[in-house]
Amino acid sequence: MSSNSINVLELASTKPVLNVQELAQSGEVPKRYFRPEAEGNPVAYGDDVELPVIDLTKLLDPELINQEELSRLGFACREWGFFQLVNHGVPEEVIEKTKDDIMKFFKLPLKEKEAVKQLPGHLEGYGQMFVHSDEQKLDWGDALILNTQPFVIRDIRFWPANPTTFRDTLDAYTTMIARVADCLYRLMAKDLGVDPQVILDSFGREQLQAVRINYYPPCKHAQKVLGLSPHSDGNALTVLLQANDVDGLQIKKNDKWFLIKPQPRALIINIGDAMEIMTNGKYKSIEHRAIINMEEERLSIATFHSPSIDATLCPFPGLVNAEGELYKTISVKEYTAEYFSSKLNGKNALESIKLRK
Ligand code: OGA
Ligand code: NI
(Lines give C-alpha, C1' and ligand atoms only; values in the text may rest on other atoms or scores of the structure.)
(Ligands and ions follow the chains in the order given, each with its own letter.)
Protein backbone atom coordinates (compact mmCIF):
# COMPACT_ATOMS: atom_id res chain seq x y z
CA MET A 1 0.00 0.00 0.00
CA SER A 2 1.33 3.47 -0.76
CA SER A 3 2.14 5.42 2.38
CA ASN A 4 -0.59 7.99 1.77
CA SER A 5 -3.30 5.51 0.81
CA ILE A 6 -6.52 5.85 2.76
CA ASN A 7 -7.77 2.41 1.75
CA VAL A 8 -8.03 0.21 4.84
CA LEU A 9 -8.83 -2.81 2.67
CA GLU A 10 -5.22 -2.71 1.52
CA LEU A 11 -3.89 -3.05 5.04
CA ALA A 12 -4.04 -6.85 5.08
CA SER A 13 -4.89 -9.85 2.97
CA THR A 14 -6.58 -13.19 3.45
CA LYS A 15 -5.73 -16.69 2.25
CA PRO A 16 -7.95 -17.89 -0.58
CA VAL A 17 -10.39 -20.62 0.46
CA LEU A 18 -13.15 -22.59 -1.25
CA ASN A 19 -16.32 -20.88 -2.36
CA VAL A 20 -18.85 -21.89 0.29
CA GLN A 21 -21.91 -21.42 -1.89
CA GLU A 22 -20.51 -24.01 -4.32
CA LEU A 23 -19.49 -26.26 -1.47
CA ALA A 24 -23.02 -26.14 -0.07
CA GLN A 25 -24.37 -27.21 -3.44
CA SER A 26 -21.98 -30.15 -3.58
CA GLY A 27 -23.31 -31.33 -0.23
CA GLU A 28 -19.82 -31.78 1.16
CA VAL A 29 -18.84 -30.24 4.51
CA PRO A 30 -15.04 -30.46 4.92
CA LYS A 31 -13.62 -30.89 8.42
CA ARG A 32 -12.31 -27.33 8.56
CA TYR A 33 -15.86 -26.04 8.82
CA PHE A 34 -16.82 -28.14 11.84
CA ARG A 35 -16.76 -25.99 14.95
CA PRO A 36 -17.05 -27.85 18.22
CA GLU A 37 -17.59 -24.53 19.98
CA ALA A 38 -20.64 -23.71 17.83
CA GLU A 39 -22.83 -25.77 20.11
CA GLY A 40 -20.93 -24.85 23.26
CA ASN A 41 -22.58 -21.72 24.58
CA PRO A 42 -26.08 -21.67 25.92
CA VAL A 43 -28.63 -19.80 23.86
CA ALA A 44 -31.05 -17.34 25.45
CA TYR A 45 -34.48 -17.31 23.93
CA GLY A 46 -35.18 -13.71 24.72
CA ASP A 47 -38.60 -14.13 26.28
CA ASP A 48 -37.56 -12.06 29.25
CA VAL A 49 -35.18 -9.64 27.54
CA GLU A 50 -35.76 -7.59 24.41
CA LEU A 51 -33.16 -5.87 22.27
CA PRO A 52 -33.81 -2.11 22.62
CA VAL A 53 -35.77 -0.54 19.77
CA ILE A 54 -34.99 3.11 19.08
CA ASP A 55 -37.31 5.33 17.07
CA LEU A 56 -35.24 7.87 15.14
CA THR A 57 -38.15 10.21 14.38
CA LYS A 58 -38.52 10.82 18.10
CA LEU A 59 -34.93 12.08 18.18
CA LEU A 60 -34.61 14.10 15.01
CA ASP A 61 -35.97 17.52 15.84
CA PRO A 62 -33.39 19.06 18.18
CA GLU A 63 -36.03 21.42 19.61
CA LEU A 64 -38.50 18.69 20.40
CA ILE A 65 -35.96 16.08 21.33
CA ASN A 66 -37.57 13.32 23.27
CA GLN A 67 -35.48 12.99 26.42
CA GLU A 68 -36.88 9.59 27.23
CA GLU A 69 -35.91 8.24 23.79
CA LEU A 70 -32.44 9.77 24.13
CA SER A 71 -31.98 7.98 27.46
CA ARG A 72 -33.08 4.75 25.80
CA LEU A 73 -30.45 5.29 23.12
CA GLY A 74 -27.80 5.89 25.78
CA PHE A 75 -28.90 2.80 27.68
CA ALA A 76 -28.77 0.71 24.48
CA CYS A 77 -25.21 1.87 23.70
CA ARG A 78 -23.97 1.39 27.28
CA GLU A 79 -25.69 -1.84 28.25
CA TRP A 80 -26.29 -3.66 24.98
CA GLY A 81 -23.94 -2.21 22.36
CA PHE A 82 -26.70 -3.18 19.92
CA PHE A 83 -30.16 -1.90 19.09
CA GLN A 84 -32.80 -1.92 16.39
CA LEU A 85 -33.46 1.40 14.69
CA VAL A 86 -36.95 2.04 13.34
CA ASN A 87 -38.35 5.04 11.48
CA HIS A 88 -34.82 5.72 10.30
CA GLY A 89 -35.86 7.59 7.19
CA VAL A 90 -34.28 5.26 4.63
CA PRO A 91 -37.15 4.78 2.15
CA GLU A 92 -38.62 1.34 1.85
CA GLU A 93 -37.94 1.28 -1.92
CA VAL A 94 -34.23 1.78 -1.26
CA ILE A 95 -34.18 -1.04 1.29
CA GLU A 96 -36.14 -3.38 -0.95
CA LYS A 97 -34.02 -2.62 -3.99
CA THR A 98 -30.86 -3.24 -1.95
CA LYS A 99 -32.12 -6.62 -0.77
CA ASP A 100 -33.17 -7.50 -4.30
CA ASP A 101 -29.92 -6.61 -6.02
CA ILE A 102 -27.83 -8.36 -3.39
CA MET A 103 -29.86 -11.52 -3.82
CA LYS A 104 -29.56 -11.27 -7.61
CA PHE A 105 -25.80 -10.92 -7.39
CA PHE A 106 -25.34 -14.02 -5.25
CA LYS A 107 -27.70 -16.01 -7.48
CA LEU A 108 -25.41 -15.48 -10.49
CA PRO A 109 -23.27 -18.40 -11.62
CA LEU A 110 -19.88 -18.54 -9.89
CA LYS A 111 -18.05 -17.41 -13.03
CA GLU A 112 -20.02 -14.19 -13.16
CA LYS A 113 -19.55 -13.45 -9.48
CA GLU A 114 -15.86 -14.03 -9.99
CA ALA A 115 -15.75 -11.00 -12.28
CA VAL A 116 -15.38 -9.04 -9.02
CA LYS A 117 -13.22 -11.56 -7.19
CA GLN A 118 -10.66 -10.43 -4.57
CA LEU A 119 -7.14 -10.03 -5.92
CA PRO A 120 -4.21 -11.47 -4.00
CA GLY A 121 -3.06 -9.15 -1.24
CA HIS A 122 -6.29 -7.17 -0.96
CA LEU A 123 -9.57 -7.55 0.86
CA GLU A 124 -11.80 -5.73 -1.56
CA GLY A 125 -14.05 -7.84 -3.80
CA TYR A 126 -15.84 -11.20 -3.72
CA GLY A 127 -14.22 -13.69 -1.36
CA GLN A 128 -13.62 -14.01 2.36
CA MET A 129 -11.70 -12.29 5.15
CA PHE A 130 -9.63 -13.18 8.22
CA VAL A 131 -8.06 -16.42 6.95
CA HIS A 132 -4.38 -16.47 7.88
CA SER A 133 -3.37 -20.10 8.30
CA ASP A 134 -4.03 -23.46 6.73
CA GLU A 135 -5.11 -24.94 10.04
CA GLN A 136 -7.60 -22.28 11.01
CA LYS A 137 -11.28 -23.25 11.21
CA LEU A 138 -13.38 -21.63 8.49
CA ASP A 139 -16.67 -19.77 8.40
CA TRP A 140 -19.61 -21.07 6.37
CA GLY A 141 -20.12 -18.00 4.20
CA ASP A 142 -18.92 -15.89 1.30
CA ALA A 143 -18.82 -12.10 1.12
CA LEU A 144 -18.55 -9.13 -1.18
CA ILE A 145 -16.41 -6.44 0.44
CA LEU A 146 -16.39 -2.89 -0.95
CA ASN A 147 -15.16 0.57 0.01
CA THR A 148 -18.01 3.03 -0.36
CA GLN A 149 -16.75 6.31 1.21
CA PRO A 150 -14.95 8.55 0.63
CA PHE A 151 -15.90 8.52 -3.01
CA VAL A 152 -12.28 8.66 -4.21
CA ILE A 153 -11.46 5.22 -2.82
CA ARG A 154 -14.31 3.43 -4.55
CA ASP A 155 -12.75 0.87 -6.85
CA ILE A 156 -15.45 0.33 -9.39
CA ARG A 157 -13.71 -2.80 -10.75
CA PHE A 158 -15.07 -4.64 -7.73
CA TRP A 159 -18.62 -3.25 -7.98
CA PRO A 160 -20.75 -5.83 -9.82
CA ALA A 161 -22.05 -4.72 -13.20
CA ASN A 162 -24.68 -7.45 -12.93
CA PRO A 163 -27.46 -6.92 -11.91
CA THR A 164 -27.24 -3.71 -13.90
CA THR A 165 -28.75 -1.59 -11.14
CA PHE A 166 -26.37 -2.90 -8.44
CA ARG A 167 -23.97 0.05 -8.43
CA ASP A 168 -26.66 2.71 -8.27
CA THR A 169 -28.54 0.77 -5.64
CA LEU A 170 -25.49 0.37 -3.41
CA ASP A 171 -24.60 4.02 -3.89
CA ALA A 172 -28.10 5.15 -2.87
CA TYR A 173 -28.27 2.76 0.08
CA THR A 174 -24.84 3.56 1.53
CA THR A 175 -25.30 7.31 1.07
CA MET A 176 -28.45 7.14 3.15
CA ILE A 177 -26.86 4.88 5.71
CA ALA A 178 -23.98 7.36 6.10
CA ARG A 179 -26.58 10.01 6.97
CA VAL A 180 -28.14 7.73 9.56
CA ALA A 181 -24.70 7.12 11.09
CA ASP A 182 -23.99 10.83 11.18
CA CYS A 183 -27.30 11.47 12.85
CA LEU A 184 -26.60 8.78 15.45
CA TYR A 185 -23.17 10.27 16.21
CA ARG A 186 -24.80 13.60 17.02
CA LEU A 187 -27.34 11.95 19.29
CA MET A 188 -24.67 9.88 20.99
CA ALA A 189 -22.67 13.07 21.57
CA LYS A 190 -25.70 14.50 23.31
CA ASP A 191 -26.08 11.41 25.44
CA LEU A 192 -22.37 11.45 26.32
CA GLY A 193 -22.38 15.17 27.10
CA VAL A 194 -19.77 15.83 24.41
CA ASP A 195 -19.95 18.58 21.80
CA PRO A 196 -20.86 16.88 18.48
CA GLN A 197 -18.17 18.92 16.79
CA VAL A 198 -15.61 17.29 19.08
CA ILE A 199 -16.66 13.87 17.80
CA LEU A 200 -16.48 15.00 14.19
CA ASP A 201 -13.05 16.56 14.79
CA SER A 202 -11.76 13.40 16.48
CA PHE A 203 -13.01 11.29 13.56
CA GLY A 204 -10.97 13.39 11.14
CA ARG A 205 -11.53 14.74 7.69
CA GLU A 206 -12.20 11.58 5.77
CA GLN A 207 -14.47 9.23 7.61
CA LEU A 208 -14.52 5.82 6.03
CA GLN A 209 -17.43 3.63 5.06
CA ALA A 210 -17.20 0.09 3.70
CA VAL A 211 -19.65 -2.76 3.27
CA ARG A 212 -19.45 -6.48 3.73
CA ILE A 213 -22.33 -8.20 2.00
CA ASN A 214 -22.64 -11.62 3.57
CA TYR A 215 -24.03 -14.74 1.95
CA TYR A 216 -24.54 -17.71 4.27
CA PRO A 217 -25.60 -20.86 2.43
CA PRO A 218 -27.72 -23.47 4.22
CA CYS A 219 -25.84 -26.43 5.70
CA LYS A 220 -27.10 -29.88 6.61
CA HIS A 221 -24.83 -29.70 9.67
CA ALA A 222 -26.04 -26.21 10.58
CA GLN A 223 -25.59 -26.78 14.32
CA LYS A 224 -21.95 -27.67 13.86
CA VAL A 225 -20.77 -24.80 11.66
CA LEU A 226 -20.71 -21.02 12.01
CA GLY A 227 -21.48 -18.41 9.35
CA LEU A 228 -19.26 -15.83 11.00
CA SER A 229 -16.99 -16.48 13.98
CA PRO A 230 -17.62 -14.62 17.24
CA HIS A 231 -16.13 -11.12 16.98
CA SER A 232 -16.63 -7.51 17.83
CA ASP A 233 -16.44 -5.04 14.93
CA GLY A 234 -13.21 -3.03 14.79
CA ASN A 235 -14.78 0.16 13.43
CA ALA A 236 -16.86 2.83 15.21
CA LEU A 237 -20.45 2.10 14.18
CA THR A 238 -22.01 -0.68 12.12
CA VAL A 239 -25.40 -0.66 10.45
CA LEU A 240 -26.68 -4.09 9.51
CA LEU A 241 -29.57 -4.90 7.25
CA GLN A 242 -30.76 -8.46 7.22
CA ALA A 243 -31.38 -8.87 3.53
CA ASN A 244 -33.85 -11.76 3.57
CA ASP A 245 -36.24 -13.09 6.17
CA VAL A 246 -33.90 -15.60 7.75
CA ASP A 247 -32.57 -14.83 11.24
CA GLY A 248 -29.07 -15.81 12.31
CA LEU A 249 -27.32 -12.91 14.05
CA GLN A 250 -26.61 -13.69 17.69
CA ILE A 251 -25.10 -11.34 20.25
CA LYS A 252 -23.42 -12.32 23.49
CA LYS A 253 -25.30 -11.08 26.52
CA ASN A 254 -24.55 -12.33 30.04
CA ASP A 255 -22.50 -15.15 28.51
CA LYS A 256 -25.40 -16.44 26.48
CA TRP A 257 -26.06 -16.14 22.77
CA PHE A 258 -29.13 -14.09 22.08
CA LEU A 259 -30.79 -14.30 18.65
CA ILE A 260 -31.68 -10.97 17.03
CA LYS A 261 -35.04 -10.91 15.31
CA PRO A 262 -35.13 -7.71 13.30
CA GLN A 263 -38.49 -6.05 12.80
CA PRO A 264 -39.35 -5.71 9.11
CA ARG A 265 -37.49 -2.64 7.75
CA ALA A 266 -35.48 -2.09 10.96
CA LEU A 267 -31.74 -1.48 10.83
CA ILE A 268 -29.56 -3.20 13.40
CA ILE A 269 -27.01 -0.81 14.84
CA ASN A 270 -23.95 -1.81 16.82
CA ILE A 271 -21.09 -0.10 18.56
CA GLY A 272 -17.62 -1.13 17.36
CA ASP A 273 -14.25 -1.22 19.09
CA ALA A 274 -13.25 2.28 17.91
CA MET A 275 -16.30 3.75 19.65
CA GLU A 276 -15.68 1.75 22.80
CA ILE A 277 -12.14 3.17 22.91
CA MET A 278 -13.28 6.73 22.15
CA THR A 279 -15.98 6.67 24.83
CA ASN A 280 -13.40 5.20 27.23
CA GLY A 281 -15.54 2.10 27.69
CA LYS A 282 -18.86 3.86 28.25
CA TYR A 283 -20.30 2.39 25.07
CA LYS A 284 -19.75 -1.32 24.53
CA SER A 285 -18.59 -3.15 21.46
CA ILE A 286 -20.36 -6.48 21.86
CA GLU A 287 -19.33 -9.88 20.64
CA HIS A 288 -21.62 -11.32 18.00
CA ARG A 289 -21.66 -14.14 15.45
CA ALA A 290 -23.79 -15.52 12.63
CA ILE A 291 -25.34 -18.97 12.75
CA ILE A 292 -26.47 -21.07 9.83
CA ASN A 293 -29.86 -22.40 8.87
CA MET A 294 -30.32 -26.00 7.80
CA GLU A 295 -32.60 -25.31 4.86
CA GLU A 296 -32.39 -21.68 3.97
CA GLU A 297 -29.69 -19.31 2.83
CA ARG A 298 -29.25 -16.04 4.71
CA LEU A 299 -28.08 -12.66 3.41
CA SER A 300 -27.05 -9.49 5.19
CA ILE A 301 -25.28 -6.24 4.44
CA ALA A 302 -23.07 -4.77 7.13
CA THR A 303 -22.06 -1.13 6.61
CA PHE A 304 -19.01 -0.18 8.66
CA HIS A 305 -18.27 3.42 9.64
CA SER A 306 -14.84 4.33 10.81
CA PRO A 307 -12.85 7.47 11.63
CA SER A 308 -10.27 8.61 9.04
CA ILE A 309 -7.35 6.28 8.59
CA ASP A 310 -5.06 9.04 9.95
CA ALA A 311 -7.21 9.65 13.05
CA THR A 312 -6.16 8.53 16.52
CA LEU A 313 -8.26 6.30 18.74
CA CYS A 314 -8.30 7.88 22.19
CA PRO A 315 -11.12 9.03 24.48
CA PHE A 316 -13.20 12.09 23.59
CA PRO A 317 -12.31 15.01 25.89
CA GLY A 318 -14.21 14.86 29.17
CA LEU A 319 -14.73 11.11 29.21
CA VAL A 320 -11.65 10.17 31.22
CA ASN A 321 -12.24 9.96 34.95
CA ALA A 322 -9.69 9.67 37.77
CA GLU A 323 -8.96 6.07 36.84
CA GLY A 324 -7.60 7.23 33.52
CA GLU A 325 -7.81 5.73 30.08
CA LEU A 326 -9.09 2.22 29.62
CA TYR A 327 -7.21 1.55 26.37
CA LYS A 328 -3.85 2.34 24.92
CA THR A 329 -3.96 5.19 22.39
CA ILE A 330 -3.55 3.79 18.90
CA SER A 331 -3.98 5.08 15.36
CA VAL A 332 -6.93 3.89 13.28
CA LYS A 333 -4.45 2.60 10.73
CA GLU A 334 -2.52 0.51 13.23
CA TYR A 335 -5.64 -0.87 14.93
CA THR A 336 -7.30 -1.78 11.64
CA ALA A 337 -4.16 -3.43 10.27
CA GLU A 338 -3.92 -5.51 13.43
CA TYR A 339 -7.63 -6.35 13.34
CA PHE A 340 -7.53 -7.50 9.71
CA SER A 341 -4.33 -9.49 10.22
CA SER A 342 -5.71 -11.85 12.86
CA LYS A 343 -8.47 -14.41 12.72
CA LEU A 344 -11.77 -13.29 14.20
CA ASN A 345 -11.69 -14.23 17.85
CA GLY A 346 -14.15 -12.57 20.17
CA LYS A 347 -12.89 -9.29 21.58
CA ASN A 348 -9.20 -10.25 21.31
CA ALA A 349 -8.13 -7.20 19.32
CA LEU A 350 -9.62 -4.80 21.86
CA GLU A 351 -8.42 -6.82 24.86
CA SER A 352 -4.88 -6.62 23.51
CA ILE A 353 -4.77 -2.85 24.02
CA LYS A 354 -6.59 -2.80 27.34
CA LEU A 355 -4.69 -0.99 30.09
CA ARG A 356 -6.71 -2.12 33.11
CA LYS A 357 -9.54 -4.48 34.03
C1 OGA B 1 -20.44 -8.53 10.23
C2 OGA B 1 -21.50 -9.20 11.01
C3 OGA B 1 -23.60 -10.38 11.05
C4 OGA B 1 -24.63 -10.91 10.14
O5 OGA B 1 -20.51 -8.58 8.98
O6 OGA B 1 -19.52 -7.96 10.87
O7 OGA B 1 -21.40 -9.23 12.21
O8 OGA B 1 -25.74 -11.12 10.60
N9 OGA B 1 -22.53 -9.75 10.35
O10 OGA B 1 -24.35 -11.10 8.96
NI1 NI C 1 -19.81 -7.94 12.93
Side-chain angles (χ1 to χ4, degrees), residues 8-9 12 14 20-21 38 43 51 80-85 98-99 102-103 106 123-131 138-148 170 173-174 177 181 208-219 222 225-253 257-263 266-276 283-293 296-306 335-336 339-340 342-350:
V8 288
L9 299 179
T14 187
V20 182
Q21 194 172 354
V43 173
L51 182 70
W80 283 81
F82 260 89
F83 56 91
Q84 297 204 39
L85 190 69
T98 303
K99 292 179 175 176
I102 290 174
M103 181 65 93
F106 283 100
L123 294 173
E124 190 152 20
Y126 178 56
Q128 275 95 4
M129 287 176 88
F130 307 111
V131 184
L138 297 176
D139 289 341
W140 191 257
D142 303 317
L144 174 62
I145 300 130
L146 297 169
N147 281 311
T148 49
L170 187 66
Y173 176 74
T174 53
I177 294 299
L208 307 170
Q209 187 197 50
V211 294
R212 180 164 68 220
I213 307 174
N214 298 294
Y215 181 87
Y216 306 107
C219 180
V225 301
L226 282 176
L228 194 56
S229 300
H231 67 283
S232 59
D233 293 346
N235 54 296
L237 192 77
T238 305
V239 179
L240 185 105
L241 173 68
Q242 192 158 284
N244 65 344
D245 293 332
V246 181
D247 295 335
L249 171 62
Q250 292 184 328
I251 70 172
K252 206 175 209 180
K253 175 100 178 129
W257 290 108
F258 177 91
L259 183 69
I260 305 286
K261 296 179 185 155
Q263 295 184 7
L267 296 170
I268 305 296
I269 312 290
N270 70 282
I271 301 295
D273 296 349
M275 192 61 120
E276 177 161 340
Y283 285 4
K284 304 288 183 317
S285 168
I286 297 293
E287 211 174 313
H288 52 285
R289 67 179 190 178
I291 58 166
I292 293 297
N293 190 285
E296 291 180 283
E297 65 203 341
R298 177 166 179 269
L299 291 95
S300 70
I301 170 169
T303 310
F304 305 105
H305 300 87
S306 165
Y335 191 74
T336 311
Y339 184 92
F340 285 158
S342 318
K343 68 174 182 181
L344 285 181
N345 189 0
K347 290 191 72 168
N348 267 22
L350 192 59

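First listed ligand is number 1; within each ligand, the first listed atom is number 1. From a predicted model like this one, the values you see are computed outputs, not experimental measurements.
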Practice task
Using only heavy-atom distances, determine whether the side chains of His231 and Asn348 contain a donor-acceptor pair under 3.5 Å.
Solution key: no
Exercise for the section: Let me know which protein residues bring a heavy atom to under 4.0 Å of ligand 1; chain then number is fine for ordering. Expected result: Arg212, Asn214, Tyr216, Leu228, His231, Asp233, Leu240, Leu249, His288, Arg298, Ser300, Ala302, Phe304
Practice task
Please state whether the rings of Tyr215 and Phe106 are parallel, tilted or perpendicular, taking 30° and 60° as the class boundaries.
Solution key: parallel
Handout entry: Full working for side-chain contact (heavy atoms from CB on, under 4.5 Å) between Lys343 and Val131
Key = CA-CA 6 Å; Lys343 68 174 182 181; Val131 184; over 6 Å; no
Practice task
Would you list the protein N, O or S atoms within less than 2.8 Å of the Ni ion (ligand 2), leaving out water?
Solution key: His231 NE2, Asp233 OD1, His288 NE2
Handout entry: Residues Glu287, Lys253: salt bridge by 4.0 Å N-O rule
Key = no
Problem - Side chains of Asp139 and Gln128, donor plus acceptor under 3.5 Å - result: no
Problem - Side chain proximity check, Asp273 to Met275, heavy atoms < 4.5 angstrom - result: no
Handout entry: Pair Leu299-Tyr216, side-chain contact (heavy atoms from CB on, under 4.5 Å): steps then yes or no
Key = CA-CA 6 Å; Leu299 291 95; Tyr216 306 107; over 6 Å; no
Problem - Ser232 side, atom OG; Asn345 side, atom CG - distance, nearest 0.5 Å - result: 10.0 Å
Practice task
Would you check, one step at a time, whether the test side-chain contact (heavy atoms from CB on, under 4.5 Å) holds for Leu249 with Phe258?
Solution key: CA-CA 8 Å; Leu249 171 62; Phe258 177 91; over 6 Å; no
